Amino acid sequence: GGNAVLSVLTKIVAPVAALLLLMMGNGFFMSFVTLHLRTLGFEGWVIGLVHSGYYAGLLIGAWRADRTIVRVGHIRAYAAFCAIGTACLLVQALTNDIWVWGIARFVMGFCVAVYFVVVESWFLGEATDKTRGTILSVYMVALYLSQALSQHILPMLDLSGVQPFIFAGLFGVLSQVPLTLTSSPAPHVHEGSRHTLGSLFRRSVFGFSGCVVAGIILSSIYSFLPMFASSVGVSVSGLVSTCILGGVLLQFPVGKLSDIIDRRAVLLGVSLATVFPALAVVFFHDQDWLIYVHTFLLGGLTFTLYPLSITQVCDRLQTHDITRATGVLLLAYGLGAVAGPLLAPICLRFDSLTGLYVFISLAAGVLTLIGCWAVASKASVPAEDQSDFVPLPSAATPVAYDLDPRAPDIED
């Protein structure tokens with residue numbers, strides 16, 4: 001009941017507070033990078049390259065960070081990489097050299113992965129079999145809400161000066177405080193085993209492809225939505241946060257639906273449905289309220305693609321394989337996230353205004369075709385044999401997936 005949830009929350013106050021402060025700085029800075037490079041006159045593909053570097057750092061960090069943390073411990077690792085991350089922000093304030101920015105964003109991505117691994121293993125350390133679903137939900141809501149809220153810092157800042165760098169740095173440095181001053185002991189880290197990409201791809205082509213396409217779409221949204229908003233003259237912070245809020249609010253109803261009926265049909269439906277709000281913006285981008293409505297729907301659908309795809313693969317696995325598999329699916333998502341900002345500028349070149357939405361509709365269209373082929377060629381998993389849908393955050397590391405209630409018991 002309520003008391004159980006409260007006792008869980010008191011145990012994870014420190015990592016949740018750290019996460020909120022961290023994402024308040026990191027969330028708006030992602031959008032600022034796009035706007036700043038745009039103001040400096042860089043083309044879409046250069047902006048994409050810088051963002052792709054960030055996602056590459058995040059991907060490598062998600063797979064390598066646990067080694068550092070095992071060696072020095074959670075709190076030290078967090079503090080050290082916080083210092084490195086803040087240094088990256090300050091270096092960017094000193095120069096507009098695009099190579100320096102690219103390297104700084106790559107290193108920052110790696111640092112953010114370390115933050116996530118620390119926070120997630122802390123959650124995992126406090127979780128029991130009864131509470132891990134609750135903790136995962138708290139984590140996801142905290143992550144997305146702080147990202148959405150942080151966008152509203154942008155209009156308060158002078159974007160032509162050093163304020164954005166200082167504010168992002170401030171939040172980053174302050175995020176160390178809850179973890180370094182907490183009296184609750186840091187959790188133990190264990191290194192998990194892994195599946196291979198090929199084996200999962202063969203197990204569920206549709207689910208695996210869904211993870212890659214979700215990465216492609218979400219990273220291109222984070223990278224280029226601010227550029228679209230400023231081009232058509234709507235509020236950057238308003239539009240980006242609307243998209244993220246759609247992602248939070250629609251996960252639960254869509255997930256529940258996928259527990260009741262054939263999950264592949266739901267994943268196929270979401271893939272196909274994503275095409276429509278994206279195209280609607282392409283055709284009606286002169287009406288502000290329509291842009292908001294369709295971007296909200298687009299966020300709701302695209303943020304749901306990833307957890308739906310993961311669940312679709314889990315339906316075809318034994319329980320003891322789930323944790324390993326979700327780690328590999330994160331790699332698939334991460335590869336998509338690196339590719340997204342590199343591919344989206346191809347559409348931006350043909351349509352500088354709504355190219356992002358054209359790109360999203362194409363990516364969703366390709367996934368829909370893969371889904372049609374999969375549904376036609378493979379028998380579905382009966383509804384009673386499906387595993388339950390679990391809303392999962394897309395920015396996570398393999399550690400978070402040990403919180404997945406579908407995975408084996410923690411005590412084992």
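Computed from a prediction, not measured in an experiment: that's the story for all the values here. Heads up: numbering here begins at 1 and tracks the sequence.
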Check: A278 main-chain N/O paired with S361 side-chain donor or acceptor under 3.5 Å: no

Closest approach of T302 to L218 (non-hydrogen atoms, all atoms of both residues): OG1-CD2, 3.9 Å

Expected output: side-chain Y115 to main-chain F81 donor-acceptor under 3.5 Å: yes

Y144: which of L149, I244, L249 passes side-chain contact (heavy atoms from CB on, under 4.5 Å): I244

Ring centres under 6.0 angstrom apart (F32, F165): yes

Enclosure of F106 CZ (heavy-atom neighbours >12, cutoff 6.0 Å): yes

Sequence-distant partners of H36, side-chain hydrogen bond (donor to acceptor under 3.5 Å, both in side chains), two or more places apart: N96

Closest non-hydrogen atom pair between L268 and C372, with its separation: CD1-N, 3.8 Å

All salt bridge (Lys or Arg N to Asp or Glu O under 4.0 Å) counterparts of R349, not counting sequence neighbours: E43

Between S52 and R105: side-chain donor-acceptor atoms closer than 3.5 Å: no

Side-chain donor/acceptor of S271 to backbone N/O of L367, under 3.5 Å: no

Neighbour count >12 (heavy atoms, 6.0 Å) for atom CZ, F284: no

Qualifying residues under side chain to side chain contact (heavy atoms under 4.5 Å, CB included), relative to T295, sequence neighbours excluded: L225, L239, C243, V281, I291, Y357

Backbone N/O of M227 and side chain of S230: donor-acceptor pair under 3.5 Å: yes

S237 (side chain) donor-acceptor with H152 (main chain) under 3.5 angstrom: no

Short side-chain to backbone donor-acceptor contact, W101 and T95, under 3.5 Å: yes

Y78 backbone acceptor or donor facing Q176 side chain under 3.5 Å: no

